[in-house]
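Note that these values count all heavy atoms, side chains included, but never hydrogens, waters or copies made by symmetry. Bear in mind that the values here come from a model prediction, so they are computed numbers and not experimental data.
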Amino acid sequence: MTLFHFGNCVALAYVPYAIVYKCSGLAEYSAFWKCVQAGAAYLFTQLCKMLVLATFFPSTEFSPEGVDILGEFLKCTVDLADLVGIHLVMTRIAGKGQLKFMVAGLGWATAELLMTRFIPLWVGARGVEFDWKYIQMCFESNINLVHHITTAMLVWLRSRNDLQKSFIPVVMTLLALSCYRPLIVEILIHALGLGSWTLLTAKALFTTTVSVVGLQIFLGLSVQTSNNHY
């Protein structure tokens, strides 16, 4: 049963990433190594963020019963470096906009999956006793996949010169919500006392909302661009 549970966790965590790569058209463009480069950019960005946090925002002792709003806010502010990293990745990719943000988002999400969940799943999911937290971890990795692709799409939209000015505040707000999502989650945990499954559902709804709004803006821009060509 241990191998069965481990196999299920691996399938839930990694198969969606392979499906997105195959079905999004990235495989047709042989974008595998571009995704690897995006993953390498993720690692470099996280290293820079760790250095900044260690230098300017040293950790302080805080009561586990409360939430350090200021500390979490500063950490989330440093996460703005992710937007810069994603933007730099896309500037080095030649091709259509969809190809750029799909490569950046998928590479970013895959690198995060390997760095933050590979060892816990490898060690924990093969344990003698089954624990639902590993299934939740797999579902959360899928939510993060959508989150990172959406963030990359929003960064690409913000860099477009033909984006309508009325949409710029919306895109900026969505980017801010994406960056400060961990702070929002912490507030929800301590303010509402959400359980693990309820919290996972809240993350899914939050990510879905941001993704749908961002997708509508992207589709509108695509239609506008097509009309201009004609």
Indicate yes or no: at least one non-hydrogen side-chain atom of Q37 is less than 4.5 angstrom from one of V103.
no
Check which hydrophobic residues are tied to V84 through side-chain heavy-atom contacts below 4.5 Å, counting indirect links as well, and list them.
L88
Going by the rule side-chain contact (heavy atoms from CB on, under 4.5 Å), which residues pair with V78 if we only count those two or more places apart in sequence or in a different chain?
K49, V52, L53, F57
Using the side chain to side chain donor-acceptor pair (under 3.5 Å) rule, collect all pairs that involve residues 101-114, keeping only residues at least two apart or in two chains.
E112-H148
Is there a chain of hydrophobic side chains (I, L, V, M, F, W, Y, each step under 4.5 Å between heavy atoms) that links L174 to L205?
no
Show your reasoning for whether side chain to side chain contact (heavy atoms under 4.5 Å, CB included) applies to T151 and D82.
CA-CA 9 Å; T151 302; D82 288 334; over 6 Å; no
Membership question, hydrophobic clusters at under 4.5 Å side-chain separation (ILVMFWY): are V212 and I184 in the same one?
no
For L145 and Y17: C-alpha separation, side-chain torsions, deciding distance, then whether side chain to side chain contact (heavy atoms under 4.5 Å, CB included) applies.
CA-CA 8 Å; L145 172 61; Y17 286 70; 3.7 Å; yes
Distance (rounded to the nearest 0.5 Å) between R160 CZ and L157 CG
8.5 Å
Residue list, side-chain contact (heavy atoms from CB on, under 4.5 Å) with F44, at least two apart or on another chain:
C48
Using the side-chain contact (heavy atoms from CB on, under 4.5 Å) criterion, which residues pair with M50? Sequence neighbours excluded.
none
Contacts satisfying side chain to side chain donor-acceptor pair (under 3.5 Å) that involve residues 193-218 (not counting sequence neighbours) are Q136-S196, E140-K203, T150-S211, R181-T207
Measuring from atom CH2 of W156 to atom CZ of F218, what distance do you get when rounded to the nearest 0.5 angstrom?
5.0 Å
Of all residues at least two apart in sequence or in a different chain, which pass the side-chain contact (heavy atoms from CB on, under 4.5 Å) check with A38?
V89
Does any part of the side chain of C179, heavy atoms only, come nearer than 4.5 Å to the side chain of L83, both counted from C-beta?
yes
Over all atoms of both residues, closest heavy-atom pair of V171 and L154
CG1-O, 3.5 Å
Min side-chain heavy-atom separation L47-Y42 under 4.5 Å
no
Go through the steps to decide whether I143 and L200 satisfy the test side chain to side chain contact (heavy atoms under 4.5 Å, CB included), and finish with yes or no.
CA-CA 9 Å; I143 295 172; L200 188 65; 3.7 Å; yes
Is there a donor-acceptor contact under 3.5 Å from the side chain of N142 to the main chain of L12?
yes
Atom of T45, atom of A81 and distance for their closest heavy-atom approach:
CG2-O, 3.7 Å
Check step by step if side chain to side chain contact (heavy atoms under 4.5 Å, CB included) holds for C138 and Y14.
CA-CA 8 Å; C138 296; Y14 293 95; over 6 Å; no
Can you find a heavy atom in the side chain of K75 that is under 4.5 Å from one in the side chain of P182?
no
Evaluate the side-chain proximity of L113 to N144: yes if any heavy-atom separation is below 4.5 Å, no if none is.
no
Note, L177 side chain near M172 side chain (heavy atom, < 4.5 Å):
no
In terms of hydrophobic clustering (I, L, V, M, F, W, Y; side-chain heavy atoms under 4.5 Å; direct or indirect links), are V213 and V146 co-clustered?
no
Taking a hydrophobic cluster as the set of Ile, Leu, Val, Met, Phe, Trp and Tyr residues connected by side-chain heavy atoms closer than 4.5 Å, whether directly or through intermediates, do I135 and V15 fall within one such cluster?
no
Qualifying salt bridge (charged side-chain N to carboxylate O under 4.0 Å, His left out) pairs with a residue from residues 91-107, counting only residues at least two apart or across chains:
none
Qualifying side chain to side chain donor-acceptor pair (under 3.5 Å) pairs, either residue in residues 21-36, two or more places apart:
none
If you take all heavy atoms of A104 and M90, which pair is closest and at what distance?
CB-CG, 3.7 Å
Considering non-hydrogen atoms only, spot the tightest contact between P169 and S166 and give its length.
CD-O, 3.6 Å
Would F32 and I19 show up in the same hydrophobic cluster when neighbours are defined by side-chain heavy atoms closer than 4.5 Å?
no
Would you please name every residue forming a side-chain hydrogen bond (donor to acceptor under 3.5 Å, both in side chains) with Y180, sequence neighbours left out?
T77
